[in-house]
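Shown next, in structure tokens, is the structure this report addresses.
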Amino acid sequence: MEPWLVVWLVNGLVSIGVLLVLLAFLIRHAILLGRTARRMQEELQPLADELAAGSARASDTAAGFATRVSPPRTARRRDRR
């Protein structure tokens with residue numbers, strides 16, 4: 001085998017090895033990120049549900065208040081020419 005062919009072969013094999021290692025780390029980090037996101041969702045879901053219920057209660061209260069209060073009368077403006 002010629003020396004330049006050996007250099008290209010070694011370079012290609014080392015490059016493929018490095019890319020495989022980087023791919024393995026990328027997959028590992030994606031799995032860890034997914035687990036962390038799932039855990040965060042599980043921990044924050046009760047708080048989000050409580051906030052949604054409070055928002056619904058506030059909306060219902062505001063809607064009930066709006067039906068009891070009449071809108072203020074506005075003064076008519078005269079067109080100035």
Side-chain angles (χ1 to χ4, degrees):
M1 239 191 233
E2 294 187 30
W4 64 270
L5 187 58
V6 173
V7 169
W8 278 103
L9 184 63
V10 169
N11 187 15
L13 291 176
V14 169
S15 297
I16 289 173
V18 168
L19 286 175
L20 289 175
V21 168
L22 289 175
L23 182 64
F25 278 117
L26 180 65
I27 290 171
R28 179 177 175 266
H29 281 275
I31 291 171
L32 288 175
L33 182 64
R35 287 179 186 165
T36 303
R38 189 178 324 114
R39 182 175 171 207
M40 185 179 76
Q41 176 75 20
E42 290 171 356
E43 290 180 2
L44 293 180
Q45 190 62 43
L47 181 61
D49 292 341
E50 183 180 336
L51 287 174
S55 175
R57 282 193 306 268
S59 177
D60 291 342
T61 302
F65 181 73
T67 58
R68 290 189 308 244
V69 175
S70 63
R73 293 185 180 196
T74 58
R76 288 187 170 182
R77 294 183 183 178
R78 293 184 181 180
D79 291 336
R80 294 185 182 181
R81 294 183 189 185

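For this chain, numbers begin at 1 and follow the sequence in order.
No continuous path of ILVMFWY side-chain contacts below 4.5 Å connects L5 to L13, so the two sit in separate hydrophobic clusters. F25 and L33 are not part of a single hydrophobic cluster, where members link through side-chain heavy atoms under 4.5 Å apart. Note: the hydrophobic cluster containing V6 also contains W8 (ILVMFWY, side chain heavy atoms under 4.5 Å, direct or indirect links).
With contacts defined as side-chain heavy-atom distances shorter than 4.5 Å, the pair Q45/D49 qualifies. The side-chain heavy atoms of R35 and L32, taken from C-beta on, include a pair separated by under 4.5 Å.
We find that E42 and R38 are not joined by a salt bridge, their nearest charged nitrogen and carboxylate oxygen being 4.0 Å or further apart.
With rounding to the nearest 0.5 angstrom, the OG1 atom of T36 is 11.5 Å from the CD1 atom of I31.
With hydrogens and angles disregarded, no donor-acceptor distance shorter than 3.5 Å links the side chain of S59 to the backbone of S55.
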